[in-house]
Participant: 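Quick one: this structure, given as structure tokens, is what I'll be asking you about.
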2 protein chains.
Amino acid sequence: MTVTETHTAEEATARDDCVADRRVLPPRPEGKDRYTISEVAACTGLSAHTLRWYERIGLMPHVDRSHTGQRRFTDRDLDWLQLVNRLRSTGMPVADMVRYAELVRAGEHTCGERLELFEATRRDVLRRIEELQETLTVLDYKIDIYANAQRASEGT
Amino acid sequence: MTVTETHTAEEATARDDCVADRRVLPPRPEGKDRYTISEVAACTGLSAHTLRWYERIGLMPHVDRSHTGQRRFTDRDLDWLQLVNRLRSTGMPVADMVRYAELVRAGEHTCGERLELFEATRRDVLRRIEELQETLTVLDYKIDIYANAQRASEGT
DNA sequence: CTCTTGCTTCGAGTGCGCTCCAAGTCCGTA
DNA sequence: TACGGACTTGGAGCGCACTCGAAGCAAGAG
């Protein structure tokens, strides 16, 4: 657990945008803070289509625009997408993530609700891990059977 | 690991229908071997519609019929559904399970392929567990932040 | 005999999460 | 000035995994 550390800084993070943990981010173009949609697509693995769709359904906090109306994503947006991607990979429905995004937009007074949401998600993730481990047992069992059947038919 | 045990019996299992592990099955109506679709629905958690659909797409081995044409599922069918349910819960696409069902129907000479399929699935499950663990770390991190933020605003 | 319940079939509909299209705008290079 | 390429929008379409509906048959209870 490397979780309890610089809490003065961390609380600021919690207060303004609830970004994901920087330590687990993939590399991103250096020294910039205004990314085009294709740059973001490349570094998040989401398609440009999907990014626009996320914005439409309210899963992205408001994205900056250039003077010609093109999207210019910030590092904060990338952090947000990083978190979304993680939650998505747990199977969290998009609607729930939208709900969380709304809470963030609604302001600081929703922090309690956000905490609950994360705790519920955490329980869910634990349950899924357990389920997968059970499945693993079944798979091992069957692999064992097939491997033995094969050895029996080849050998002897 | 409770996997290596009575292999004479287990090999017979591998040979004929590749059932799931009996030890993890939920209770089912006792002493019978011919279940109506609604009984099966009740004990698998799948809807009657879904069971018929599974049969249509080839995900069920041929199901017995009563003299009036109604489905009569056997214990073996229940075992099969048990396995299907487990694989489904890992996120395995239905198409892949159909592929496996086809291998089973094709006969014993496909056992090698089935073994490969299970091993691939196993790797997949391990990867997903890892992914979930990572997500768990992120969730813990954020829960920690929110919990601290809350304590800070309440206390003092 | 009628009623209810549960089954049969096939095809259409649903919800989710994208994914793509058409038509148009803007930018940088030659 | 012309061209290629990346961007914009709203809306339509897609693939998956169900889910439901309609119309009809069969069996048991009253």
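This structure is a prediction, so every number in the text was calculated from the model and none was measured. Chain naming here is simple, since letters A, B, ... match the order of the sequence lines and numbering starts at 1 in each.
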Participant: By side chain to side chain contact (heavy atoms under 4.5 Å, CB included), which residues pair with A101(B), not counting sequence neighbours?
Facilitator: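 Listed in chain order: W80(B), R105(B).
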Participant: Sequence neighbours left out, what passes side-chain hydrogen bond (donor to acceptor under 3.5 Å, both in side chains) with S89(A)? Give chain and number order.
Facilitator: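 Result, side-chain hydrogen bond (donor to acceptor under 3.5 Å, both in side chains) vs S89(A): none returned.
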Participant: Mind checking salt bridge (charged side-chain N to carboxylate O under 4.0 Å, His left out) for D124(A) and listing every partner two or more places apart, or none if nothing turns up?
Facilitator: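 With neighbours one apart ignored, the set is R127(A).
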Participant: Base, sugar-phosphate, or nothing: which does R65(A) touch, judged by heavy atoms less than 4.0 Å apart?
Facilitator: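 Sugar-phosphate contact only.
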Participant: Report the residues that fulfil side chain to side chain contact (heavy atoms under 4.5 Å, CB included) with E116(A), sequence neighbours left out, ordered by chain and then residue number.
Facilitator: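 Listed in chain order: nothing, the list is empty.
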Participant: With sequence neighbours left out, write down each residue that passes side chain to side chain contact (heavy atoms under 4.5 Å, CB included) with R123(A), or none if nothing qualifies.
Facilitator: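 With sequence neighbours excluded, R123(A) shows a side chain to side chain contact (heavy atoms under 4.5 Å, CB included) to E119(A), A120(A), given in chain and number order.
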Participant: Atom pairs under 3.5 Å, N or O on each side, protein against nucleotides 17-21 of chain C: can you list them with distances?
Facilitator:
| residue | atom | partner | partner atom | Å |
| --- | --- | --- | --- | --- |
| dG17(C) | OP1 | V94(A) | N | 3.2 |
| dC18(C) | OP1 | R88(A) | NH1 | 3.1 |
| dC18(C) | OP2 | Y54(A) | OH | 3.3 |

Participant: Identify, with sequence neighbours excluded, every residue that meets side-chain hydrogen bond (donor to acceptor under 3.5 Å, both in side chains) alongside R88(B).
Facilitator: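 side-chain hydrogen bond (donor to acceptor under 3.5 Å, both in side chains) check on R88(B) returns N85(B).
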Participant: Which is the 5'-most and which the 3'-most nucleotide of DNA chain D that has an atom under 4.0 Å from a heavy atom of chain B?
Facilitator: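 With heavy atoms of chain B under 4.0 Å away, the range is dA17(D) to dA27(D).
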Participant: Sequence neighbours left out, cut at 3.5 Å: what donor-acceptor pairs do the side chains of residues 42-54 of chain A make with other protein atoms?
Facilitator:
| residue | atom | partner | partner atom | Å |
| --- | --- | --- | --- | --- |
| T44(A) | OG1 | V40(A) | O | 2.8 |
| T44(A) | OG1 | L46(A) | N | 3.2 |
| S47(A) | OG | H49(A) | N | 3.4 |
| S47(A) | OG | T50(A) | N | 3.0 |
| S47(A) | OG | T50(A) | OG1 | 2.9 |

Participant: At how many degrees, to 10°, do the end axes of the helix from dC1(C)-dG30(D) to dA30(C)-dT1(D) meet when each uses five pairs?
Facilitator: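 Nearest ten degrees gives 10° for this helix.
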Participant: Going by salt bridge (charged side-chain N to carboxylate O under 4.0 Å, His left out), name the residues that satisfy it together with D96(B), two or more places apart in sequence or in a different chain.
Facilitator: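 Salt bridge (charged side-chain N to carboxylate O under 4.0 Å, His left out) list for D96(B), sorted by chain: empty.
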Participant: Could you give the CD1-to-P distance, from I57(A) to dG15(C), as a whole number of Å?
Facilitator: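 That distance rounds to 16 Å.
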Participant: Is R71(B) near enough to dT9(C) that one of its side-chain N or O atoms lies under 4.0 angstrom from OP1 or OP2?
Facilitator: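 The answer is yes; a side-chain N or O of R71(B) sits under 4.0 Å from OP1 or OP2.
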Participant: Just jot down the salt bridge (charged side-chain N to carboxylate O under 4.0 Å, His left out) partners of R71(A), sequence neighbours excluded, or say none.
Facilitator: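 Checked R71(A) against salt bridge (charged side-chain N to carboxylate O under 4.0 Å, His left out); matches are E55(A).
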Participant: Rounded off to whole Å, could you give me the CD-to-P distance for the E55(B) and dC7(C) pair?
Facilitator: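 Rounded to the whole Å, the gap is 14 Å.
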